[in-house]
Amino acid sequence: MVRKLTMTSAFLRRTLHSPILNLDAIRRQFPLLNQQIEGHPLVYLDSAATAQKPQAVLDRMEKFYTEENANVHRGMHVLAERATVAYEGAREVVRTFINAAHPEEIIFTKSCTESINLVAKSWGRNNLHKDDVVLLSILEHHSNIVPWLQLKEEIGIKVKWVDIDDRGQFRLDHFIDIMDDGGVCLVAITAQSNVLGTRPPLKDIITKAHEHGAVVLVDAAQSISHGATDVRALDCDFLAFSGHKLYGPDGVGVLYGKRELLQAMPPFLGGGMMIKEVRSDAFTSADLPQKFEAGTPPISEAVGLGAAIEWLGQFSWKDIEAHEQALIAAAIIELRKVNGLQILGHPVGAQNFAPVHSGCIGFTIDGIHPHDLTDILGKKGICLRAGHHCTQPLHRALGITASTRLSVGIYNTLEEIRSVPAAITAAQSTLRSAFPLR
Amino acid sequence: MDLYAENILDHYRHPRNKLPLPAGEGRGLPVRSSEGAKAGEGVEEVTHEEVNLSCGDALTIGLSIKNDHVTGVGWEGSGCAISQAAMSLLSEELVGKSLKDIDAMKKETVYELLGVPVGPRRFKCALLCLHTLKNAVRKFRKEEVRGWSETVGG
């Protein structure tokens, strides 16, 4: 261990001991973080499930409801105009944020899950046929699995899976083999595992997929708050994420799609807003993006998301990444001190701490169920997530039923990370069973 | 009071009536006959497994039943401390009970055995034992097993 620490000392000095962001100032902007749980300071390490919201987002949403609220795109009065300007302004903020070419390539949905379902139910039903292959990775979240399994039931597509190696890394060689076997029409891939924190090599994947004429959907739910997203540099065909993991409100998601693909797709949900004309026997669809925004959209939520992105824009991705990598590196160093703890994708003897994991790490502890661990830690104010994290195929592949996840956000501190091992050790002595669980 | 109270942890660390499954025998449980009621004439056995798919808790209950009364109980399982301790506590209550007594058991029965308030986060852990028991009895009666809402009331 000493040798390993020495080997990475330059990295540690650079990241652990120099303040990269002004954490005090950042934390003051998150009112929720300033509270105690049963006498313990709140340590929120569950941002991969949902991030907390800065005051700027709360203020913007309050302002919307107190000064601008009306339905969008359907009224001539002053409030309808204010609401529409705010809503479409948020679309432009999102466009810039992910570097999309056109605002109508940004579809507001209710969640990342709905965004992926939109692609499956609209593009998928219209373009996939029996025995066409949809290629996923074993890292995927259920939200990027089940919509494709539904199409498998519905029209008989095949779902194939790309493996990971023992570091939890996407196996590009396996991916290339499957692509070369032929038949792959869609590659639906996460940009960052919500359990292991590993990132598939998107650029290589997309280039290879396009060589074979396959369309690529990127599930950016986890990556979106941890690094820059550039849909034009990636050249992905679809990209989905949600607002609430990006320090914005829940209830709003985004689907990016290349304009020519979206234009050729039939509507997903039917209703108001998404039509040009309705007759008693037929309808014509509205133009993009309204074609895919049936019903009253999540207006205040979209406005809140825009505010979150603008708030985040005051920091550079370089600083955010350096800060969060320092947190993850510290978490790995600290957690490895705990007896019987295994970090997923980080086998014993592994020497490089970063940047294998981004945003989160998953781990198991011999003889302790993650639900017991996180229940006990929760009473000490330490919020970690336990379970299968909506990734049952991944957990099955890892040979475990559940794991514990520590995930970080811009507001977490090294002190918070360093408080975790002692709390886990205390929980261990509370729970330590006379025999190991199977 | 703490969910991880000492009596719960004691049952978790030293589970009562827990019998290891012989390797390769699947879920066919040997049932411990207590109170001298050896498996014999008129004794029937039933085993039943339930799992909490969301967290991986698993329990298998084996019952020996004679004249509609439980004469022996054994169980096997894995999972969190609450699920395993609740099973252990419940297993101590079963010998001598009639099947009608088991029918009358409610989730409050388990909560009283645990002796601590069980919040919404953990009720499925606490009640997996009762869910498994109720369905074991249904299986014994050749009835279809039921979902949570019918066995333990949600």
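Reckoned from all heavy atoms, side chains included, excluding hydrogens, waters and symmetry mates. The sequence lines fix the lettering, A, B, ..., with proteins before strands; numbering per chain opens at 1.
Within 6.0 Å of the CG atom in B:D101, the count of heavy atoms belonging to other residues, nucleotides or ligands exceeds 12. Counting non-hydrogen atoms of neighbouring residues, nucleotides and ligands closer than 6.0 angstrom, the CD atom of B:E144 reaches no more than 12 such neighbours. With a 6.0 Å radius and a threshold of 12 heavy atoms from other residues, nucleotides or ligands, A:K158 has its NZ atom at or below the threshold.
In this structure, B:D57 and A:H369 have side chains that are in contact, with non-hydrogen atoms separated by less than 4.5 Å.
Minimum interatomic distance between A:H371 and B:R122 (heavy atoms only, all atoms of both residues): O-NH1, 3.2 Å.
Under 3.5 Å, the side chains of B:Y4 and A:D372 contain a donor-acceptor pair of N or O atoms.
For B:L9, the part lying near chain A is the side chain, with the backbone staying farther off; criterion is any non-hydrogen pair under 4.5 Å.
For chain B, the option among A:D375, A:T401, A:L373, A:T430 with the highest count of heavy-atom pairs below 4.5 Å is A:D375.
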